[in-house]
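Okay, so here's the structure we're looking at.
Note that ligands are numbered from 1 as they come in the structure, with each ligand's atoms numbered from 1 the same way.
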Amino acid sequence: MNELREILKFFGEMGAEFLHLPGSDPRADLAELDREIRQCRRCRLHESKTHYVPGEGSNRPDIMFIGEGPGETEDQFGRPFIGKAGQLLDKIIQKMGMKREEVFIANVVKCRPPNNREPQKDEVETCLPYLSKQIAILQPKVIVCLGRVALNNLLGTSHSMGRIRGQLLSFHDTPLIPTYHPSYILHKKDKGEISRTKWEVWEDMQKVLALIPRKRT
Ligand code: URA
């Protein structure tokens with residue numbers, strides 16, 4: 001018992017807020033976290049949201065996709081990436097030879113920022129522990145950050161996506177590959193510049209697949 005106390009103290013001092021022990025049931029831990037998120041009042045975003053959007057998918061995913069925050073459709077239905085950007089993400093996942101239920105999809109903030117504005121620093125700071133817990137429970141083989149906001153808030157960096165996309169980074173020893181947000185691809189489409197951005201995302205997804213040996217297109 002004393003030994004366990006010492007180990008927990010050590011991880012606490014290392015900054016771990018949540019310790020998912022090998023062998024513990026990810027479903028139960030995830031359900032508990034889900035309940036916690038759905039009662040959250042830690043920042044102003046809970047006041048304007050319609051539904052909390054904790055995230056969804058496999059509880060032992062090879063890939064975890066992380067976006068910025070719920071949009072209007074996601075807020076309406078309480079599910080991540082189900083609007084236009086989500087439909088494009090579904091196509092990307094399908095093209096990777098996978099099903100949406102096999103991956104996990106989450107966001108940096110779990111409530112919609114009003115008018116789809118970028119989440120503010122204090123909102124991200126209060127919400128980020130939920131994402132860290134999700135990652136600790138899910139233990140994905142690879143994290144894919146969709147867009148600059150997800151990447152820089154998760155890593156505490158200020159990268160430009162154009163420069164950093166497709167590079168192999170890591171979050172607490174979990175490989176992480178950043179790529180463009182699906183909304184950016186759609187925005188480029190509107191400007192008639194879709195093919196290059198789409199191709200770049202596809203190139204990045206090949207790198208993701210290479211980290212999961214059994215998944216090949
Ligand atoms: N954009 C995001 O970043 N997340 C969603 O869930 C939907 C759109």
Side-chain angles (χ1 to χ4, degrees), residues 30 33-34 37-38 40 43 45-46 48-58 61 63-94 96 98-121 123-135 138 140 142-162 164-165 171 176-190 194 197-198 200-201 204-205 208:
L30 212 53
L33 180 57
D34 220 74
I37 292 171
R38 290 176 198 281
C40 183
C43 85
L45 291 184
H46 86 271
S48 52
K49 59 116 193 42
T50 309
H51 288 107
Y52 291 98
V53 186
E56 65 183 27
S58 162
I63 307 175
M64 179 171 184
F65 289 92
I66 301 175
E68 176 175 331
E72 190 178 3
T73 316
E74 291 77 17
D75 176 61
Q76 212 178 334
F77 292 94
R79 299 180 56 204
F81 279 99
I82 53 164
K84 275 194 182 151
Q87 285 159 22
L88 180 53
L89 178 62
D90 284 349
K91 279 192 196 154
I92 295 169
I93 294 169
Q94 225 175 51
M96 292 169 84
M98 304 178 83
K99 295 194 183 90
R100 184 176 161 110
E101 312 85 76
E102 288 178 76
V103 303
F104 196 93
I105 305 175
N107 282 299
V108 168
V109 292
K110 312 304 188 194
C111 295
R112 181 193 182 203
N115 303 316
N116 295 347
R117 66 156 167 75
E118 233 179 73
Q120 290 170 1
K121 194 166 175 274
E123 296 160 354
V124 170
E125 275 167 11
T126 46
C127 210
L128 212 49
Y130 294 133
L131 183 62
S132 301
K133 284 185 192 177
Q134 286 177 317
I135 296 169
L138 295 164
V142 196
I143 294 170
V144 176
C145 278
L146 299 168
R148 168 187 62 80
V149 174
L151 175 73
N152 288 329
N153 281 307
L154 187 62
L155 297 190
T157 50
S158 53
H159 294 295
S160 113
M161 189 49 72
I164 199 80
R165 58 152 275 268
F171 176 76
L176 183 158
I177 293 191
T179 196
Y180 292 119
H181 193 287
S183 299
Y184 182 71
I185 304 179
L186 294 172
H187 168 76
K188 286 285 184 186
K189 184 181 173 190
D190 292 343
I194 192 167
T197 318
K198 234 169 119 178
E200 287 173 330
V201 170
D204 299 344
M205 292 309 100
V208 172

Out of G69, G55, G71, indicate the one that has the non-hydrogen atom closest to atom 2 (C) of ligand 1. G69

Checking heavy atoms under 4.0 Å, the part of E68 that sits near ligand 1 is both

Using a strict cut-off of 4.0 Å, indicate which atoms of ligand 1 neighbour a heavy atom of G67. 3 (O)

Please list, in number order, the atoms of ligand 1 under 4.0 Å from a heavy atom of P80. 6 (O)

So if I apply the side-chain contact (heavy atoms from CB on, under 4.5 Å) rule between L176 and each of L155, I135, V208, which one comes out positive? L155

Of N153, L151, N107, L131, the residue whose pairing with I66 passes side-chain contact (heavy atoms from CB on, under 4.5 Å): L131

Side-chain heavy-atom pair F77, H51 within 4.5 angstrom cut-off: no

Determine whether a donor-acceptor pair (N or O, by modelled atom type, separation under 3.5 Å) exists between the side chain of K49 and the backbone of H46. yes

So, Q134 side chain and P54 main chain: donor-acceptor pair closer than 3.5 Å or not? yes

Ignoring angles and geometry beyond distance, decide whether [X] reaches within less than 3.5 Å of ligand 1 through its nitrogen or oxygen atoms.
X	result
N107	yes
S183	no
F81	yes

Taking the basic N atoms (NZ, or NE/NH1/NH2) and the acidic carboxylate oxygens, is any pair closer than 4.0 Å for R112 and E74? no

Closest protein heavy atom (residue, atom, distance) for atom 1 (N) of ligand 1: H181 NE2, 3.3 Å

